[in-house]
Amino acid sequence: MLTEERHEVIRGLLAADGRVLAAELAARFGVSEDTVRRDLRDLAKAGQLRRVHGGALAPAPRVGPIAERIESNSEVKARLAVTAAGLVQPGQTIFIDAGSTNLAIAAALPEADLTVITNAPAIAMALATRGWTKVIVLGGRFNPLTGSTSGAGTVREIEALYADLYFLGACAVEASFGVSALDADEAEVKRAMASQSRAVVVAATRNKLGTAAPFRVTTPDRLTHLVAEADVDRKLLSRLASNGTTIHRA
């Protein structure tokens with residue numbers, strides 16, 4: 001096969017399965033693994049996949065500013081949010097980091113005695129009129145594109161806190177790589193929140209599942225709950241469940 005023909009097959013396999021293995025591709029194409037690794041390297045440079053040990057994963061979708069994301073797929077995010085908020089129990093302390101789906105989760109939280117810790121001013125404002133909820137806003141450098149604060153000071157504040165649940169705004173979720181983010185500073189804050197939480201919850205639209213972003217936040221076994229759309233491929237969800245993640249269909 002010509003190089004471009006191999007690339008087209010690889011792109012098709014990633015679109016169908018979300019992952020490829022170098023050894024399997026070499027056998028399929030009848031070429032060496034070194035040739036396959038060059039193919040994967042070229043496709044990674046073009047932003048068409050994310051290389052990992054032994055193969056490659058589909059890349060996380062690129063996202064726009066938070067203001068645009070709030071308007072995108074709003075009905076789907078609202079359904080995910082209702083299911084995710086159903087995991088909350090009265091009296092709990094909750095981390096919620098920035099993200100359009102997480103903003104919907106904040107709006108869907110039950111009327112109960114809760115403490116919400118967030119690095120997203122928009123989430124704090126969404127909860128401002130709820131007298132039964134105590135809100136703690138984390139300081140740091142504000143990024144208007146993500147709607148979040150981050151930096152060493154933010155991480156230090158998180159390390160002095162502990163939560164029952166963490167609603168993690170994920171850029172990508174994959175069964176072998178875990179949860180990952182597109183921004184290094186955001187990933188650092190997310191890792192800190194995950195390490196200071198008893199359970200980690202991700203509510204993700206289908207385009208983020210089976211993909212990987214450059215900065216890993218948690219390994220697959222640290223994802224306690226995944227909330228997904230009702231008709232997401234069962235094979236994809238079963239891979240995530242094999243790590244011990246409880247799957248909830250919205």
Side-chain angles (χ1 to χ4, degrees), residues 14-16 18 58-89 92 94-112 114 116 118-130 132-133 135 143-148 165-175 179-183 186 190 193 199-213 217 223-241 245-250:
L14 284 170
R62 289 288 168 181
V63 296
I66 184 66
E68 293 179 7
R69 285 185 277 135
I70 290 172
E71 301 298 326
S72 176
N73 292 328
S74 58
E75 292 184 3
V76 171
K77 291 173 183 176
R79 289 195 294 271
L80 294 172
V82 169
T83 302
L87 298 171
V88 175
Q89 299 296 318
Q92 287 187 324
I94 304 164
F95 280 128
I96 308 180
D97 70 18
S100 54
T101 303
N102 278 1
L103 181 59
I105 290 172
L109 288 175
E111 297 186 8
L114 301 171
V116 175
T118 183
N119 67 327
I123 287 175
M125 289 302 299
L127 298 170
T129 60
R130 299 192 177 199
W132 60 84
T133 300
V135 181
N143 184 336
L145 294 179
T146 62
S148 65
L165 281 179
Y166 168 31
F167 289 104
L168 194 170
C171 298
V173 185
E174 205 280 327
V179 181
S180 50
L182 291 165
D183 181 86
E186 275 204 312
K190 293 175 189 292
M193 287 185 175
V200 177
V201 184
V202 168
T205 50
R206 70 176 71 248
N207 62 328
K208 296 180 179 181
L209 300 177
T211 69
V217 176
L223 179 56
T224 316
H225 300 277
L226 174 71
V227 181
E229 296 169 64
D231 56 352
V232 168
D233 180 63
R234 291 181 179 275
K235 181 179 177 182
L236 176 59
L237 295 181
S238 67
R239 288 177 185 164
L240 290 159
T245 302
T246 300
I247 306 297
H248 306 267
R249 290 177 177 267

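Taking 4.5 Å as the limit, some side-chain heavy atom of Leu237 sits within range of a side-chain heavy atom of Arg249. Taking the side chain as every heavy atom from C-beta outward, Glu229 and Thr205 approach each other to under 4.5 Å. Side chains of His225 and Thr245 form no contact here, defined as non-hydrogen atoms less than 4.5 Å apart. Looking only at side-chain heavy atoms (C-beta outward), Arg239 and Arg234 stay at 4.5 Å or farther from each other. For the pair Leu209/Glu174, no side-chain contact is recorded, criterion being any heavy-atom separation below 4.5 Å from C-beta on. Counting heavy atoms from C-beta on, the side chains of Leu109 and Leu127 come closer than 4.5 Å. At least one side-chain heavy atom of Val135 sits less than 4.5 Å from a side-chain heavy atom of Thr133. Between Ile247 and Leu240, some side-chain heavy-atom pair lies under the 4.5 Å cut-off.
A donor-acceptor pair is defined here as one N or O able to donate and one able to accept, closer than 3.5 Å; no such pair exists between the side chain of Arg79 and the backbone of Ser74. Judged by distance alone, the side chain of Arg130 and the main-chain N or O of Ala112 form no donor-acceptor pair under 3.5 Å. For the pair Thr224 (side chain) and Ala199 (backbone), a donor-acceptor distance under 3.5 Å is absent. The closest donor-acceptor contact from the side chain of Lys208 to the backbone of Ala60 lies at 3.5 Å or more, if one exists at all.
Within a 6.0 Å radius of CZ in Arg206, other residues, nucleotides and ligands contribute more than 12 heavy atoms.
Note: Ile123 CD1 to Ile94 CD1 = 11.0 Å, rounded to the nearest 0.5 Å.
For the side chain to side chain donor-acceptor pair (under 3.5 Å) with Asp97, the qualifying choice from Asn102, Thr146, Asn119 is Asn102, the only one to do so.
Below 30°, between 30° and 60°, or above 60°: for Phe95 and Tyr166 the angle between ring planes is above 60°, a perpendicular geometry.
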